[in-house]
Novice: 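The structure is given below, and queries will be raised subsequently.
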Amino acid sequence: QVHLVESGGGLVQAGGSLRLSCAVSGRTLSNYAMGWFRQAPGKEREFVAAISYIGGSTVYADSVKGRFGISRDDAKNTLYLQMNNLKPDDTAVYYCASSTSIVVVSTPSDFGSWGRGTQVTVSS
């Protein structure tokens, strides 16, 4: 069973940056496609970014394209989400998730394991 733990959230002013980390244990990160999702109060969980199992292909939600970057360090078994030029609308709990897919995927049902999330709050 893969275990995911997010960290790096916090309070930041609009225009600032944060880097989220997701530590993976239980299985080797390199065997999984990975993704980041977020959920704001009163809203459904939404896709943010994902990276494939092989080749490092990435996909982003339109709302974060050009501002966020997903990456993985398989040697450290860690997934990252670099978030730049943050906006108040980015405020949410951010979750990392793993998938057994070998291609990049982006819907919640494609991901079988989830972390507990880390809060990101962007003030205006």
Side-chain angles (χ1 to χ4, degrees):
Q1 181 74 20
V2 64
H3 186 55
L4 310 174
V5 179
E6 304 93 338
S7 62
L11 174 64
V12 63
Q13 288 187 333
S17 298
L18 284 174
R19 188 177 78 157
L20 305 184
S21 299
C22 175
V24 180
S25 60
R27 292 187 181 177
T28 303
L29 173 65
S30 59
N31 291 339
Y32 293 87
M34 300 293 295
W36 288 97
F37 291 78
R38 66 187 182 186
Q39 188 167 16
K43 295 186 177 181
E44 293 189 355
R45 190 168 298 189
E46 65 172 356
F47 169 74
V48 175
I51 188 166
S52 66
Y53 160 37
I54 296 176
S57 297
T58 58
V59 63
Y60 296 92
D62 288 343
S63 59
V64 306
K65 203 172 292 184
R67 300 187 298 122
F68 289 13
I70 186 172
S71 62
R72 57 195 298 163
D73 186 334
D74 291 343
K76 294 183 178 180
N77 248 27
T78 302
L79 177 74
Y80 301 100
L81 184 69
Q82 178 66 44
M83 305 187 295
N84 300 323
N85 190 22
L86 283 160
K87 304 175 181 180
D89 285 349
D90 295 319
T91 295
V93 177
Y94 283 71
Y95 301 89
C96 72
S98 67
S99 170
T100 56
S101 172
I102 62 172
V103 298
V104 65
V105 289
S106 60
T107 58
S109 60
D110 292 321
F111 293 83
S113 296
W114 295 80
R116 292 191 173 185
T118 185
Q119 176 71 47
V120 172
T121 303
V122 184
S123 63
S124 57

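What you see is a predicted model, and the numbers here were worked out from it, not measured in a lab.
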Novice: Going hydrophobic residue to hydrophobic residue with side-chain gaps under 4.5 angstrom, can you get from Val5 over to Leu18?
Specialist: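 Not linked; separate clusters.
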Novice: Side chains of residues 43-51: which donor-acceptor partners sit under 3.5 Å, not counting sequence neighbours?
Specialist:
unit_1 : atom_1 : unit_2 : atom_2 : d
Glu46  : OE2    : Arg38  : NE     : 2.6
Glu46  : OE2    : Arg38  : NH2    : 3.1

Novice: Among pairs that include at least one residue of residues 81-124, which meet ring pair (Phe, Tyr, Trp, His ring centres under 6.0 Å), considering only residues two or more places apart or in two chains?
Specialist: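 Applying ring pair (Phe, Tyr, Trp, His ring centres under 6.0 Å) to every pair that reaches into residues 81-124, excluding sequence neighbours, yields Phe37-Phe111, Phe37-Trp114.
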Novice: Could you work out, with side-chain contact (heavy atoms from CB on, under 4.5 Å) as the rule, every residue matching Ser71, not counting sequence neighbours?
Specialist: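 If we apply the side-chain contact (heavy atoms from CB on, under 4.5 Å) test to Ser71, skipping adjacent residues, the hits are Tyr80.
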Novice: Counting only pairs under 3.5 Å, give me each side-chain donor-acceptor contact of residues 97-106, with atom names and distances, residues two or more places apart or in other chains.
Specialist:
unit_1 : atom_1 : unit_2 : atom_2 : d
Ser99  : OG     : Ser101 : N      : 3.0
Ser99  : OG     : Asp110 : O      : 2.8
Ser101 : OG     : Val103 : N      : 3.1
Ser101 : OG     : Val103 : O      : 2.8

Novice: Considering only NZ, NE, NH1 and NH2 on the basic side and carboxylate oxygens on the acidic side, decide whether Arg72 and Asp74 come within less than 4.0 Å.
Specialist: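 Salt bridge flag = yes for Asp74 with Arg72.
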Novice: I'd like to check Glu6 versus Trp36 (side-chain heavy atoms, cut-off strictly below 4.5 Å). Are they in contact?
Specialist: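 In contact.
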Novice: To the nearest 0.5 angstrom, please state how far the CE atom of Met34 sits from the OG1 atom of Thr78.
Specialist: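 Atom-to-atom, Met34:CE and Thr78:OG1 are 9.5 Å apart.
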Novice: For Val122, enumerate each residue passing the side-chain contact (heavy atoms from CB on, under 4.5 Å) test, keeping only those at least two apart in sequence or located in another chain.
Specialist: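 Only Val12, Ala14, Leu86, Pro88, Asp90, Thr91, Val120 meet the side-chain contact (heavy atoms from CB on, under 4.5 Å) criterion with Val122.
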Novice: Please list, chain by chain and in numerical order, all residues satisfying side-chain contact (heavy atoms from CB on, under 4.5 Å) with Asn84, sequence neighbours excluded.
Specialist: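 Listed in chain order: Ser17, Gln82.
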Novice: Tell me, please, which residues at least two apart from Thr58 pass side chain to side chain donor-acceptor pair (under 3.5 Å).
Specialist: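 Counting only residues at least two positions away or on another chain, Thr58 forms no side chain to side chain donor-acceptor pair (under 3.5 Å).
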Novice: Nearest 0.5 Å, what's the SG-CG distance between Cys96 and Leu79?
Specialist: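 Atom-to-atom, Cys96:SG and Leu79:CG are 6.0 Å apart.
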Novice: I need the Leu20 CG to Ser7 OG distance, nearest 0.5 Å.
Specialist: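 Leu20 CG to Ser7 OG: 8.0 Å, rounded to 0.5 Å.
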